Structures are given as structure tokens and as C-alpha cells.
There are 2 protein chains.
Amino acid sequence: MHAKVIPLSVPELREACSQCNLRELCLPMGLSDGELDQLDHLVEVRRRVQRGQHLYRGGDPFEAIFAIKTGFFKTDVLLEDGRDQVTGFQMAGEILGMDGIGSEKHTCNAVALEDSEVCIIPFAELESFSREISALQHHFHKMMSREIVRDHGVMMLLGVMRAEERLAAFLLNLSQRFTARGYSPTEFNLRMTRGEIGSYLGLKLETVSRAFSRFNEEGLISVHQKHIQIRDAAGLKKLLSERRA
Amino acid sequence: MHAKVIPLSVPELREACSQCNLRELCLPMGLSDGELDQLDHLVEVRRRVQRGQHLYRGGDPFEAIFAIKTGFFKTDVLLEDGRDQVTGFQMAGEILGMDGIGSEKHTCNAVALEDSEVCIIPFAELESFSREISALQHHFHKMMSREIVRDHGVMMLLGVMRAEERLAAFLLNLSQRFTARGYSPTEFNLRMTRGEIGSYLGLKLETVSRAFSRFNEEGLISVHQKHIQIRDAAGLKKLLSERRA
DNA sequence: GGACCACGTTGACGCAGATCAAAGCCCCTG
DNA sequence: CAGGGGCTTTGATCTGCGTCAACGTGGTCC
């Protein structure tokens, strides 16, 4: 799929949460200035991950969670027989690695879909800080809980929706997340391939491609390769709420 | 589906975690005797839930999580159009309600599939105790993380597996959880209907029924209504690991 | 700038599972 | 013990998506 194992320097940089423009989306959300100063000592090391590189792999020992500073990731799980399932796409301000806490090993792979930068949050220290800063503790619990709710949404998508509904839900979700980050709600570039979208949505890449074409013909969106423009968000939403039988 | 809204007394009982025979599976796992004594003050109230009754509903304010003391639950999410997806089946020692932390509202319904009893764990107090007992804090994080990993497993199931693989995975999972609770690994009664299994597995009830019949014919299991006997666990596992194309 | 390669699109066809329909079983209630 | 309702089974048919195959496209490397 991507390059074997490129030996690569991953410079580790320092920057404080208190100056980060993602702090309203990310772990420090809702902390007071004083608490933010404390957090700066916890989350001070960053790491670059090149496009195609793994941030971690299933089975790696779990030591830290990661906050995405810039870039875009996918997470996936492999079955022994080679089949795999993309479990999510993550963008700036989102947290990676919480699946590893339970078993002290990462349980999925995290791969950068574009050159990215993550903040390293050593987990033992996060727990220790959480015991002192209850706002941090509570916010961390919320983030884990939201991950569970998000997964339920995907289960719903995979369990009950038809192909076009799944793709519509996917596009609306992306649009909403880009909006929260200050980007256009209606125009963006996909970072993932049709195959990766398909894996996430439980569809084959041909089906994803056909659904894109169909949305295009119907004037719901325009697609050119990875460039998407949403022309009729209401129409996409209607697809979701319409019972089919 | 079940009785409208039976006004029902839900006696609230008291019993300590330290005497609970589920403590090795449940929240108190790994706590020292001294820590267990503290926990007893947190988790001391129980609640009965009759078969068919909701423990909570989507939208209810979130105040506590629940540990199942006895009984069996399902959780499900509803789409506006009436379609619904069962997101999980929970048995004794498992925790319900962690999906509500993020939004301060429950995001799914929890329904008892048999007369059940749950321990009420007020969430604000759990967080407060977690700040004092790091083993409790860490264990709670593990439970949330495992919930995420479990959901990834379901996504895999829904995203890549064929009908019979899904059912085999489901049966093996149940068997393993019954075993952990000291019941027979090979013989048990299903608490849910074919329709509920289907909703969980992303299949229609007829497909579930046919798959059961097929497993029966092939000698993998024997089924009589809700009674299941696993005759060839290895055969079921083989179904899972065999690539299909 | 030509050739390669990964990715994407489109068409033809097949099949797993959905849908529709009918009947059987189990348990409850009167 | 008769009747009814919920659940399950089984059969016949339909269909959405998968599969297979061919071709298009854009980006990159020499």
C-alpha cells in the first residue's frame, strides 16, 4: 500500500497548549489559564508523521495518546485473513490512541493520510494530572465517551443504512468537522481514497465511486477526483431521513 | 414492542462491592481492601429493572453509570425514520451508560431483556473518587477504552463479515462471556429475539434464523428456540478465519 | 515529454441477503 | 383446553451491491 519502512527522523518539537489555536477543540478545552499552564508541562512534545507513515501499529505498547496538531489520519483494524476495516478518519484537534488504554497495547493502526504533526500526551502523566485538575479529568472522560458515541453512529451507518445514505452521512460529517475548524462547509479535498472510504462505510470502492457519480448527476455535489463541493446539503440530509420501505 | 409504561416501584437496595462476587469483573477490579472499603460508600444503591423496562432512554439526563449486578440488557439507537440498531448486549459485571458522559445526556436506550438488578454509580462521585484512588481511575479508563475496542470489533463485523461469520462471531463472544462468569461455555439460553440479534449484526431476522438452521444442520450447534448448545466451537472459529474470495 | 502507476470511473453480470408470504411453535390467558 | 399473540422457521422471489473487467486520468520520475 505505502512505502515499506522508511527510516525517518521524527523531530520532536515543543509548543505549549496555551498558545495552540486548537485548544478550544482539543484536550485543554475549558481549562482556566492557570490550569493551562500546568497542562503545558504535560503536553509539550510533538512529533511529525509523514504521509503514509504509521503513528502506531496494532500491538505496539501503549504509552501515550496523541492529539493531532495538523494533518489527517486514518485508523484501521486488520483481520487475520487480510481483510481490513477503517474505523475512523481523524483531523486536527482530535485524539488518537484511546483504544490502547484497556489492553496496554494499541489495538489498531494509525496512518497519516497527509504530512501531519501530533502532540504526544504520555498517558500515565495525563492520569496523574487528571487527579489534580478535575476539569481536565472530566474533559478527558467526555472525549472518550464521545468516541464511544461516534462509534455507535458508525455502527448505525453500517448496520441499517443503504450505500447512498452512508456516503451522504459521511460527507455531511466531514463538512461539519471542517466547519468547526474554520474551513468551508461546502468545499474540501478528501484525503482518503475511494477504497478507504469504502472500507470505512462497509462498501466496495466501485460502489463509492458510483454513489459519487450519482450525487454529481443529481446536483447534490460536484466531484472532481478528491475535490468535493457540496451543492445541496439539504438534499443530502433528506437522503438520510427518508425511510426506504 | 414491550408494555407501555408500567408504573413500577423500583426498590433501591444496598449492598457493598466488597461482598459482591462480581468484583473481579466489574468496576472494583484490582482495588486493595482499603480502597474497596472506600468504594463501598460510592456504589451502595441498587435498582431493579423488570424485563422489558428501560433503565434509561436516549435524551435522559446523564447522572450515573450502572453496573449490572444480575440480568441482561440491550442498548439501541434509533434513527428518526424508525429504523433502529442494537449497539450491544450487556450481562452481569458489565457497565452501562458511558455513552452519556460526553453530552450529559444518554445517547441510547438501555432495556432489560430479563428481570435485572443494577448498581447505581453516581458519575460525579466516581470522578471524585477517581481523583483519590488512582487504581480506580485507571481501571475506569480501561473499561471505557475496552468499550471503544469492543465497538471497533462490531464495526469490523458489520463492515467486512458475511452473515454466517457474523453469527459465529456473536455466538463465540457470548460463549466466552458466559464462561468468564462461571457458566457453561457450550450451553446457554439466548435472552434476545432473532430480530434483536439481526439488528445487532446488521441482518434481517430471517437471515439469522436461516444461519442458525444451517449451523444446526452442519452439526456446529444445536438450536431449540432460545436454547443454544455449541457442538463444534473450533468449526465456528474456522468460519471466521477463512477468507472467502 | 513520454511512460508508468496508483487511483478512479463505468459497464455487465451474479449472488448474498432482503423481502414477501405462509405456516408452525410456544406460552399465556380466560 | 381453546384461542390468540409473539416469535421462529422455511420457501419463493427480488434486488442492491459485489465482482470482474476494461478503460480513463492525473501525477511523478527519468
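Chain letters run A, B, ... following the sequence lines, proteins first and then strands; every chain starts at 1. Everything numeric in this text was worked out from a predicted model, so none of it was measured. Just so you know, these numbers use all the heavy atoms, side chains as well, and skip hydrogens, waters and symmetry mates.
- For the pair B:Arg191 CZ and D:dC7 P, the interatomic distance rounds to 17 Å; values are reported in whole Å.
- Note: CZ (A:Arg83) to P (D:dG18) measures 14 Å, nearest angstrom.
- The pair A:Arg214-A:Glu218 meets the salt-bridge criterion, with a side-chain N (NZ, NE, NH1 or NH2) lying under 4.0 Å from an Asp/Glu carboxylate O.
- Between the side chain of A:Glu206 and the base of D:dC17, no donor-acceptor pair under 3.5 Å is found.
- Rounded to whole angstrom, the span from the NE2 atom of A:His227 across to the P atom of D:dG27 amounts to 14 Å.
- With rounding to whole Å, A:His224 atom NE2 is found 18 Å from D:dG27 atom C1'.
- Within the structure, no pair that satisfies the ring pair (Phe, Tyr, Trp, His ring centres under 6.0 Å) test touches residues 211-237 of chain B, not counting sequence neighbours.
- Atom C1' of nucleotide C:dG17 and atom CZ of A:Arg162 are separated by 13 Å, given to the nearest angstrom.
- Put simply, A:Arg194 has a side-chain N or O that comes within less than 4.0 Å of OP1 or OP2 on C:dT9.
- Contact check on A:Arg191 versus A:Glu196 returns no salt bridge, with no Lys/Arg side-chain nitrogen under 4.0 Å from an Asp/Glu carboxylate oxygen.
- Regarding contacts with the backbone of D:dG18, a side-chain N or O of A:Thr207 is found under 4.0 angstrom from either OP1 or OP2.
- Taking the six-membered ring wherever Trp is involved, the centroid distance between the rings of A:Phe73 and A:Phe89 does not fall below 6.0 Å.
- Contact check, B:Thr193 against D:dG6: no side-chain N or O comes under 4.0 Å of OP1 or OP2.
- Considering CG of A:Leu78 and CZ of A:Arg57, their distance stands at 10.5 Å, rounded to 0.5 Å.
- Projected onto DNA chain D by closest heavy-atom contact, A:Glu164 and B:Met192 fall at different nucleotides, the more 5' of which corresponds to B:Met192.
- For C:dG17, the base has no donor-acceptor partner in the side chain of B:Arg166 [N/O atoms by modelled type, under 3.5 angstrom].
- Applying the 3.5 Å distance criterion, the base of D:dT10 shares no donor-acceptor pair with the side chain of B:Arg214.
- Rounded to whole angstrom, the span from the CG atom of B:Leu205 across to the P atom of C:dA21 amounts to 15 Å.
- For A:Leu201 and D:dC17, the CG to P distance is 12 Å, given to the nearest whole Å.
- Backbone-only engagement by B:Gly202 is indicated by non-hydrogen atom pairs under 4.0 Å involving sugar-phosphate atoms exclusively.
- Residue A:Lys226 has no polar side-chain atom (N or O) positioned under 4.0 Å from OP1 or OP2 of D:dG26.
- Looking at the side chain of B:Leu203, the nearest of the listed nucleotides C:dA18, D:dG16, D:dT9 is C:dA18.
- If you take CD of B:Gln225 and P of C:dC27, they are 7 Å apart, rounded to a whole angstrom.
- Residue side chain B:Arg210 reaches the base of D:dG11 through a donor-acceptor N/O pair under 3.5 Å, judged by distance alone.
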